[in-house]
Amino acid sequence: MSSRVSIFASPTSWIESGAVDQCHQVAALPGMRHVAGMPDLHPGKGAPIGAAMTSSVLYPFLVGSDIGCGIAVFPIRLKRPVPEKLAARFPDLDVVDHSFLDAADVPGGYTESLGTVGRGNHFAELARVGTVFDSDHAERLGLAAGDLVLIVHSGSRGLGERILRAHTEVHGAGPAQDPAAYLAAHDDAVRWGSLNRRIMAARIADALGADHEPPIVDECHNSVEIRDGLYLHRKGAANGDRRDVLVAGTRGTPSFLVAGHAGEEASFSVAHGAGRKMSRADALRRGRAKHTVEELRRTPLGSLVVCGDRQLLFEEAPTAYKRIEQVIGDLESFGLATRVVSTVPMVTYKTADVARERKGRR
DNA sequence: ATGTGC
């Protein structure tokens, strides 16, 4: 059985060779039919990130540990948004607030860390709609230039990790022997991730004294689905089959809400973000020489980044990522998606700001 | 990515 690798990136887009190698390694796995690399493709742990991988057997490691990770967009209204004041009022999304869990029907019964953002590339951001590229589509979503939105990127925390570990402890990187059982646990994690994002949005809106609405976009990018009798794994790739997707920029550049039009050749998928250009280790080493903490906490866009962890701040520096405009341009030129609006960060929460808390307690 | 691994 032959299997193909297709990379949806223009020759001028930077794709690390290691990530393409990983695509071919995955394509050589038993039962594999097709690997579609998105323009944000970069190397991951064992499998590429930014890829949709289709096979006749289910490989849990291709989804990874953060099953159900995704990005949701919630319209929010605020009277006079001042980034400095709002940043100071953001809730501590590193810890659970039990008052938001009472009414929640928690998938998998896993209540630990529900409503918390986690680490890595996860964030919760207050942003304003910048450029409107497709006014009809934006209007259907209820969006106009200047409107405020909450963007929440997070996943299933310890739950997804537990599900993958239960599989790998027995089968390693091998396929699921009981796909239905894995899928049932996976679906719990997908629902949990979505609930996690909603609870965070509610916590933020409450802390800012704002009204917010249900999400207008909520697509996960680590998942597996059965499509045409095959397992379609997505790792750092969102469902782009006539779905709207928020493709995340960086903590210092805009993001793009796009309309997905991806067909079978692209495994019905679109990119999930800018994609890392540097490893975390490289970003930390080079970032320390290149940036100050101050410039990473107050971006050229005038937005603020709440992040009490200096290492994470450097790892997540905008320069550690590819240019989001290039990624979006590739999605458009390959016909996978079209721009609807851009969003411009005002306050991005990464992790609690220890410096601020210490000051407040004095 | 992860209540984290050798």
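Values below: all heavy atoms of this structure, side chains included; hydrogens, waters and symmetry mates excluded.
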Query raised in the report: Is it true that Glu316(A) and Arg280(A) make a salt bridge, defined as a side-chain N closer than 4.0 Å to a carboxylate O?
Result: yes
Query raised in the report: Salt bridge check: are Glu112(A) and Arg157(A) linked by an N-O gap of less than 4.0 Å?
Result: no
Query raised in the report: Do Ser267(A) and Ser269(A) have a side chain donor and acceptor closer than 3.5 Å?
Result: no
With 3.5 Å as the limit, what N/O pairs link the protein to nucleotides 3-5 of chain B?
| residue | atom | partner | partner atom | Å |
| --- | --- | --- | --- | --- |
| dG3(B) | OP1 | Gly158(A) | N | 3.3 |
| dG3(B) | OP2 | Arg157(A) | NH1 | 2.6 |
| dG3(B) | OP2 | Arg157(A) | NH2 | 3.3 |
| dG3(B) | N7 | Glu112(A) | OE1 | 3.0 |

Report task. Report which part of the nucleic acid Gly120(A) touches: base, sugar-phosphate, or nothing (heavy-atom distance under 4.0 Å, all strands). Result -> sugar-phosphate
Query raised in the report: Do any pairs count as a ring pair (Phe, Tyr, Trp, His ring centres under 6.0 Å) and have a residue in residues 291-346 of chain A, sequence neighbours left out, and if so which ones?
Result: Phe8(A)-Phe334(A)
Query raised in the report: Do the side-chain N and O atoms of His34(A) and Ser6(A) include a donor-acceptor pair separated by under 3.5 angstrom?
Result: yes
